[in-house]
Amino acid sequence: METSVVQKSTAAADKMTTSMTSSVTGMGLGGITGLTAGISTLTCMREQQVTIGGMPTNYVPGLSANYNISSFSQRPGESRRCPPAKAGPTARLQTVGTRLSHSSRNSPNTQYAHNLICKLADQNERRRRQDTIELIPQSYYAQHPLKVELTEFYSRDNAKDHHTDQYDLVNDTVLPNPVIRRGQNFFFAVRFDRTYDKQQDVIRVVFCFGPKPGVTKGTRVVLQVNWNTQQGVFQHPRDVIGMGMGMARSLPQEPTTTVAPTGPVSTICTVGAISCIRETTNYGVRRSSVSNDPLTVSSQNSPLSPHSSETYTTRPIIERYSGTSQHPSFGRSYGSRHGSSQNLASIVQETDKWDISIQRQDGNTITFQVHVPASAPVGIWNCWIQTNRLGQRDNRNDYKCDEDIYVLFNPWCREDAVYMDNDSLRKEYILNDQGKLWCGTWRQPIGRKWIFGQFDDVVLPACMYLLESSGLEHSERGNLVRVVRAISAMINATNETDGLIVGRYDGVYKDGVAPHAWTGSVAILERYLTSGGKSVEYGQCWVFSGLVVTICRALGIPCRSVTNYVSALDTNRTFTVDKFFDRDGNEVPNGPDEDCYDSCWNFHSWNDVWMQRPDLPQGYGGWQIIDSTPQEEAESVNQCGPASVEAVRRGEVGFQFDTPFVFSQLNSELCHFQEEENSDWGFVRMASNQNTVGRKIITKNPNREDDEGDGDLLEITHEYKTIESTSPERLAVIASCRGFQRLQQYYELPDRNNEDVHFDLMDIEIVPYGQPFDCTMNIQNKSNEDRTIWCVLTASSCYYTGAVSSRLRRAQGEFIVRAGQKEVLKLHVTAQEYMDKLVDHAMVKVCAMAYVKQTRQTWSDEDDFSLHKPKLQIQVRGTPAVEQECSATLSFQNPLSVHLTDCYFTVEGPGLQRPRQVKFRDVKPGELVSYQEKFVPTRQGESRIVVTFSSREIDDIIGCTAVTVRG
């Protein structure tokens, strides 16, 4: 066969010089040959070696034994630094370098000799190399590597199979981003500048995650397409991609008569697109989830599959190779219901690795199918296409795809740690973009409508930035336990960290937005993102909980908001909330030693996430508690969880994470101490009718929606604690956690056998905002003698954290209750006495204390309630349609006899209206307010619009209604 000889060319010689220098830097004699042998040994799939005249094309002769190419990088007059000696091919080079370091290298004569030998060696290499070039056929360099012209990720088509079609990023009209779930396959197509040459072209698809991706860390994946066997091509009656200058936006689903096996795929050791560092073999990551359930192999075809589900029930065949030999289990049908249990086990193992296969080829366009393992790190991945000619790795084209690939958790995948097998629960805890957060008191829970908005185009980018700011390593972002623990830490902003939102509980919000003014999470995340990651002001626990739901559901983690009524914050780990009072019934702040900071919140909201716990014994998976409200540091960070709900219920406080803290929130006791001069330590514990916390734990019912009332409340107290609060198991756990048996004597209740006077603080029914109320205490003398009783009754405005804001009214005195008689004490509070003293949630705390002089009987109790505010009514006129303006009328009546100033509405509805704040005029006393809001729906289906009204005199007036939009 005739071969044309390459003419001597200075440009060609310079090209080879650059190639040789970069390839053999630091190598000694036989450097090129040794490097080639090492590459052939390390690669999983050995490339066919091209030889010309019996000489490898990548062999460059003439290297001297003592010739050190790396010395070219040395500047004249500089001493050369040598790294520590290493074993292997470079050992001799290291020895030579060590000898040179002891010589007088910096002297003029020695420096001249060094430069001279380098120049002479270089000239010799040029002569030998030119002799080799003359033997290489011109056709060998005639064809350039493949060049990528266009890529298409079929974002909308992939999204349907991945349950991500509701994300705005997918439906973006400018640059739709693929949003996929791990544990599934997705499709993308590449158009090259010419037809693929099976014998000479090499294609690698590289996926990178994070700033410094690495194969061994699981953040860099190199997939090579191998065409050694018959490629898989799905025949179509017509070409639908690669036509003209553009590419089709979707793949057809037409029936076909034959299905050829897809091209075999292997993951090999190769040079990456970014760092050009040799990588390790056989990429694979460990599963972060553990499941004993058998693998359910679905026969449902992908929406991008070219064949019809009526004709075929199997997915394309994927073959995997290692080296040149075929594995015995290869050739199985992927996704088929046929096959032995051994093949099914092999499928489970193989699905935990990245894979790539050829879906079809049409001219210059190739459609790939990529499998993302169920343990892949979650976040933004980038895709690179590498192409080169066989044996010419130094001449390679790298193409970076413009699209950011969002990889999420997958609750539809059995192999994912977030797998949830109930479709209705997935619909609620993953796909529902609105819900309720619960406030109020345990006797009168109040559901507050909240727009989670996890599909908004600002949410996923904000989530990714928050994960970056959390400090969680990219290689750890496939570990669900670590991810949710990071979420619990990155929501709140403290002095030490830059979180999403700043918590504030004192009612002063002039330099930010009041927590009750938010209608959902989208406005908070958008403000955070557009401000460059600056913490948003302000939020409270229920706002934190709503944000956690948004972030978790956006990432694919099933999540719900949970509220615990009468929630303890035990700061000294005694499993008690201690309050101290002096002889006159006044509370002693922080205790007699000023070191007691216990508190009891009227309600506290946290989150439950659904996940497996491979780090715990079997039976402790399912709902896990995470708390993003900064209450206590864990590992020097304000974070809490995940703590297994089942572990909390059983009192298994030794299981991670932060289980003792959560257990104390639900099982501590309220302990009131009054100053007593006859006590050994100066105080005595008082009896109480209500001395336990965790009175009621609720969440939204996933099967009900109630926009007007609270009919969608679901009590789940039994999931968190045993019904019997005095059970021996509970008391034993508390005793062991306290650790100081000698201190328990101070927490023992006094002997109540000699008590003959019964006290009872009456519950207060619903009190409308602006109306007076009465605090009532009943006293019954059950003895045969008169009793002298000293008592105090106080009403105060308070924050929902239990802290007192202002005293509204107080009454105290001493009187005699006759034998066998009853007395009723009332404290009347008018609207004028509390109007200008109320704070968030309009809560009032009523405290009662009593002391019987004859028997030294002591008693105390307290109760909190919220004043009920009017509902805001929303009426939508007509039938809204997509892209057509419609209006809603907002109305409520001012319940106060004063003007309302600094008024504004906040309106939000997913697919209806982005978060918007509208200033409003002053409202007259008793006026019926009516305001018309216009909006343009952007998507069809059912949604909800949420509105809040705020003013200086009254705030937190909320309304919600369902809106059905036609297409």
Side-chain angles (χ1 to χ4, degrees), residues 425 428-429 432-452 491 503 505 514-521 539-550 552-553 558-569 600-609 623 625-629 631 640 645 662 665-666 693-721 766 798-802 840-843 863-869 871-872 944 946 948 955-960:
L425 294 183
E428 172 68 20
Y429 298 128
N432 195 353
D433 58 357
Q434 56 82 32
K436 272 190 178 179
L437 309 176
W438 297 92
C439 304
T441 63
W442 73 276
R443 288 194 183 91
Q444 301 171 6
I446 300 175
R448 180 190 183 93
K449 211 69 178 180
W450 189 264
I451 302 298
F452 299 123
I491 299 298
Y505 307 88
H516 53 74
W518 302 112
T519 55
S521 305
Q540 293 173 352
C541 74
W542 47 279
V543 178
F544 294 170
S545 179
L547 288 166
V548 170
V549 171
T550 299
C552 286
R553 292 185 182 179
C559 183
R560 66 184 183 184
S561 177
V562 175
T563 297
N564 174 37
Y565 288 96
V566 191
S567 184
L569 177 56
C600 193
W601 294 27
N602 293 313
F603 69 89
H604 177 54
S605 297
W606 60 61
N607 297 89
D608 285 350
V609 291
W623 289 117
I625 302 166
I626 60 173
D627 191 350
S628 59
T629 303
Q631 290 186 312
C640 180
V645 171
V662 177
Q665 288 182 299
L666 299 168
V693 300
R695 301 299 298 269
K696 181 181 289 187
I697 304 171
I698 64 174
T699 187
K700 177 188 173 297
N701 192 325
N703 301 316
R704 295 196 62 183
E705 295 285 348
D706 188 353
D707 299 327
E708 299 296 330
D710 297 325
D712 50 359
L713 180 151
L714 178 64
E715 183 173 358
I716 53 175
T717 309
H718 63 281
E719 296 183 19
Y720 285 82
K721 56 189 300 185
I766 297 177
C798 69
Y799 301 99
Y800 84 98
T801 59
D840 295 345
H841 304 280
M843 285 189 172
D863 186 31
D864 297 347
F865 69 95
S866 297
L867 297 170
H868 276 237
K869 300 176 182 179
K871 287 282 186 180
L872 192 149
R944 280 169 174 77
V946 178
T948 65
D955 53 35
D956 209 15
I957 298 178
I958 309 173
C960 174

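Each residue takes its place number in the sequence, starting with 1.
- Atom CZ of Phe544 is separated from atom OG of Ser628 by 6.5 Å, given to the nearest 0.5 angstrom.
- Checked by atom type, the side-chain pair Trp450/Ser521 shows a donor-acceptor distance below 3.5 Å.
- For Asp707, the salt bridge (charged side-chain N to carboxylate O under 4.0 Å, His left out) partners two or more places apart in sequence, or in a different chain, are Lys449, Arg944.
- Going from atom CG of Asp608 over to atom OH of Tyr720 covers 3.0 Å, rounded to the nearest 0.5 Å.
- Taking the side chain as every heavy atom from C-beta outward, Thr948 and Ile958 approach each other to under 4.5 Å.
- Across every non-hydrogen atom of Pro702 and Leu714, the tightest pair is CD-CD2, 4.1 Å.
- Closest heavy-atom contact between Arg695 and Asn564: N-OD1, 4.5 Å.
- Residues Gln540 and Thr801 are not in side-chain contact: their nearest non-hydrogen atoms beyond the backbone lie 4.5 Å or more apart.
- Remark: side-chain polar atoms of Arg448 are paired, donor with acceptor, to backbone N or O of His516 under 3.5 angstrom.
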inquiry  = Show, in sequence, the C-alpha distance, side-chain angles and deciding distance for Thr441 and Met843, and conclude whether the side chain to side chain contact (heavy atoms under 4.5 Å, CB included) test is met.
reply    = CA-CA 9 Å; Thr441 63; Met843 285 189 172; 4.2 Å; yes

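- When atom types are taken as modelled, the side chain of Arg704 and the backbone of Gly711 share a donor-acceptor pair closer than 3.5 angstrom.
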task = Tell me, with the steps shown, if Lys869 and Asp955 meet salt bridge (Lys or Arg N to Asp or Glu O under 4.0 Å).
result = CA-CA 9 Å; Lys869 300 176 182 179; Asp955 53 35; 3.0 Å; yes

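- Of the inter-residue distances, the one linking Asn701 atom CG with Ile716 atom CD1 reads 10.5 Å to the nearest 0.5 angstrom.
- Remark: the backbone N or O of Phe452 is paired with a side-chain donor or acceptor of Thr550 at under 3.5 angstrom.
- Checking Phe603, Trp438, Tyr505, Trp601 one by one against His841, the ring pair (Phe, Tyr, Trp, His ring centres under 6.0 Å) holds for a single residue, Phe603.
- Across all non-hydrogen atoms, the minimal contact from Leu713 to Glu715 is CD2-N, 4.0 Å.
- Checking side-chain atoms of Thr699 against main-chain N and O of Ser561 turns up a donor-acceptor pair under 3.5 Å.
- Once rounded to the nearest 0.5 Å, the distance linking CG of Leu666 with NZ of Lys721 reads 6.0 Å.
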request  = Walk me through it: do Val549 and Asn607 pass the test side chain to side chain contact (heavy atoms under 4.5 Å, CB included)?
outcome  = CA-CA 7 Å; Val549 171; Asn607 297 89; 3.2 Å; yes

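- For Tyr429, the ring pair (Phe, Tyr, Trp, His ring centres under 6.0 Å) partners two or more places apart in sequence, or in a different chain, are Trp623.
- With respect to Asp710 and Lys436, a salt bridge is recorded, a charged nitrogen being found less than 4.0 Å from a carboxylate O.
- Of the candidates Asp627, Thr563, Val693, Asp627 is the only one forming a side chain to side chain contact (heavy atoms under 4.5 Å, CB included) with His604.
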ask   = Run the side chain to side chain contact (heavy atoms under 4.5 Å, CB included) check on Gln434 and Val946 step by step: do they pass?
value = CA-CA 10 Å; Gln434 56 82 32; Val946 178; over 6 Å; no

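- Without hydrogens or angle criteria, Ser545 side chain to Trp606 main chain gives a donor-acceptor distance under 3.5 Å.
- Partners of Tyr799 by ring pair (Phe, Tyr, Trp, His ring centres under 6.0 Å), not counting sequence neighbours: none found.
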request  = Carefully, step by step, assess Ile625 and Val645 under the rule side chain to side chain contact (heavy atoms under 4.5 Å, CB included).
outcome  = CA-CA 6 Å; Ile625 302 166; Val645 171; 3.7 Å; yes

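- Expressed to the nearest 0.5 Å, how far CZ of Phe865 lies from CZ of Arg443 amounts to 11.5 Å.
- Annotation for Thr717 and Ile697: closest pair OG1-N, 2.9 Å, computed over non-hydrogen atoms.
- A salt bridge links Lys700 with Glu428: at least one charged nitrogen is closer than 4.0 Å to a carboxylate oxygen.
- Cys600 approaches Val566 most closely through the heavy-atom pair SG-CG1, 3.5 Å.
- Here the closest heavy-atom approach between residue Val548 and residue Ile626 is recorded as CG1-CD1, 3.8 Å.
- For the atom pair OG (Ser866) and CD1 (Ile446), the distance works out to 5.0 Å, reported to the nearest 0.5 Å.
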